[in-house]
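Data block below; observations after.
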Amino acid sequence: LSIDVEDLIRDKEIMKIFRPSNKPLNIDNFLEYQTENSPHNMSSQKTSLIIKNLISQPIFSEEKRLRGTIYLCNKSGGFTDEDTTLLKVISADASITLDKTKKLIQLARFKQLIEAAYDVIVITDKEGKIIYVNQSFEKVTGYKKDEVIGNKPSILKSGYHDQDFYKNLWTTITNGKIWKGEFLNKKKNGELYYELATIFSFIHENDVSYVAIKRDITEEKKIYEQLV
């Protein structure tokens, strides 16, 4: 039997069969199935000439939302339990792949946003080592990304803050709370500058990171001091 794929797609009655469904199907005799489920449908005989038998398996997202359905049809001798099991595995793999693709797309969009952000953004691992800085960090501090990745934010220390200051900061964020405050830090060229910072923990797939969103307020501080 020769099947024209374009004709198949244009046939609305046939395409109704292949609509997304949250229930798996296992149909040994498609003509009997169509007759039982659509006894007055005159296209049943035409459809059964194209589709003899089929199995299907839904694809769900992590949130258990239906993503689509995989169909296999027209196996000589009919589908076996092994075929059904294989299709379940394929469906699970497809679900994982789609979820990973979605996360990668979201991550790429998020990265574009934080790269273009006016504020300085620094992300460290749970040990406090820098794993990411955005372009604003480079502009404000004078350090390039490859100079700070793997180092700790202490590279910016000016010596102004005491140990209790940093101990309070770490106690706050490691307990899942948000720390807000000001830093007097030092740029690569030795120039001192003030930063207004918000720092918090971020958990993704059981990995803990710390995110700092900071803004250079040096000029604002100077203007304030002049007014006072």
Side-chain angles (χ1 to χ4, degrees), residues 59-68 91-189 191-221:
I59 303 172
F60 293 105
S61 67
E62 285 184 340
E63 299 82 15
K64 303 303 179 185
R65 294 178 180 175
L66 182 66
R67 281 276 184 81
S91 172
D93 286 344
S95 176
I96 292 170
T97 300
L98 289 170
D99 283 329
K100 284 184 177 179
T101 301
K102 181 181 177 182
K103 287 177 181 178
L104 287 172
I105 292 171
Q106 291 174 337
L107 183 62
R109 289 174 178 171
F110 175 69
K111 188 175 180 181
Q112 286 178 339
L113 287 173
I114 61 177
E115 276 293 334
Y118 175 77
D119 291 336
V120 170
I121 297 176
V122 180
I123 302 176
T124 73
D125 62 16
K126 63 182 180 181
E127 303 299 330
K129 293 182 179 179
I130 297 172
I131 57 176
Y132 173 83
V133 296
N134 67 346
Q135 292 178 2
S136 290
F137 175 91
E138 295 182 313
K139 292 177 182 177
V140 170
T141 68
Y143 285 101
K144 297 297 182 182
K145 290 183 180 182
D146 57 5
E147 293 180 288
V148 297
I149 298 297
N151 288 311
K152 293 188 175 184
S154 57
I155 194 173
L156 301 173
K157 277 186 177 182
S158 64
Y160 177 80
H161 304 286
D162 58 23
Q163 290 300 317
D164 287 339
F165 175 87
Y166 294 106
K167 183 178 179 181
N168 174 62
L169 188 163
W170 274 101
T171 299
T172 301
I173 61 176
T174 53
N175 285 330
K177 298 179 181 179
I178 299 173
W179 184 90
K180 293 184 179 181
E182 289 185 10
F183 290 105
L184 176 57
N185 279 336
K186 185 167 63 175
K187 299 181 181 181
K188 184 179 179 180
N189 63 6
E191 179 185 346
L192 297 179
Y193 71 106
Y194 288 93
E195 287 186 306
L196 183 64
T198 299
I199 305 176
F200 54 92
S201 60
F202 176 75
I203 301 175
H204 176 65
E205 294 182 351
N206 297 322
D207 286 333
V208 179
S209 301
Y210 297 102
V211 181
I213 302 174
K214 305 188 288 183
R215 181 164 55 89
D216 185 348
I217 57 170
T218 306
E219 292 303 316
E220 295 174 26
K221 296 280 282 189

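Positions are given from 1, in the same order as the sequence printed here.
Within a 6.0 Å radius of NZ in K187, more than 12 heavy atoms belonging to other residues, nucleotides or ligands are found. More than 12 heavy atoms of other residues, nucleotides or ligands sit less than 6.0 Å from atom NZ of K145.
Distance check: T218 OG1 to Y193 OH gives 8.0 Å after rounding to the nearest 0.5 Å. Within the model, atoms CG of D125 and NZ of K152 stand 8.5 Å from one another, a figure rounded to the nearest 0.5 Å. The distance from the CD1 atom of I213 to the CD1 atom of I123 is 9.0 Å, given to the nearest 0.5 Å. One distance of note links CG of L196 with NZ of K214; it measures 11.0 Å at 0.5 Å rounding. The line from CG of N185 to NZ of K157 is 10.0 Å long, rounded to the nearest 0.5 Å. The distance from atom CG of D93 to atom CG of L98, rounded to the nearest 0.5 Å, is 11.0 Å.
In terms of heavy atoms, I121 sits closest to N134 at N-OD1, 3.1 Å. When all heavy atoms of G128 and P153 are compared, the closest pair comes out as O-CD, 3.2 Å. Minimum heavy-atom separation, A212 to I199: CB-CG1, 3.8 Å. Contact between E147 and K188 at its shortest, heavy atoms only, is OE2-NZ, 2.6 Å. The nearest pair of heavy atoms linking I131 to S209 is CD1-OG, 4.3 Å. Contact detail for V133 and I130: the closest heavy-atom pair is CG1-CG2, 3.7 Å.
W179 places none of its side-chain heavy atoms less than 4.5 Å from the side chain of T171. Between F137 and V148 the shortest side-chain heavy-atom distance falls below 4.5 Å. You'll find the side chain of K129 stays beyond 4.5 Å of the side chain of T124, heavy atoms only.
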Task: L66 vs F60, side chain to side chain contact (heavy atoms under 4.5 Å, CB included): CA-CA, chis, key distance, verdict - done: CA-CA 5 Å; L66 182 66; F60 293 105; 4.0 Å; yes
TODO: Using the ring-ring contact (aromatic ring centres under 6.0 Å, His included) rule, take F183 and F165 through it: C-alpha gap first, then chi angles, then the decisive distance, then the call.
DONE: CA-CA 10 Å; F183 290 105; F165 175 87; 5.7 Å; yes
Open item on the list: Does L184 form a side chain to side chain contact (heavy atoms under 4.5 Å, CB included) with H161? I'd like the steps, not just the answer.
Closed with: CA-CA 8 Å; L184 176 57; H161 304 286; 4.0 Å; yes
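Residues W170 and Y210 place their aromatic rings such that the two centres sit under 6.0 Å apart.
Between the side chain of S95 and the backbone N or O of I59, no donor-acceptor pair lies under 3.5 Å. The closest donor-acceptor contact from the side chain of N189 to the backbone of E191 lies under 3.5 Å.
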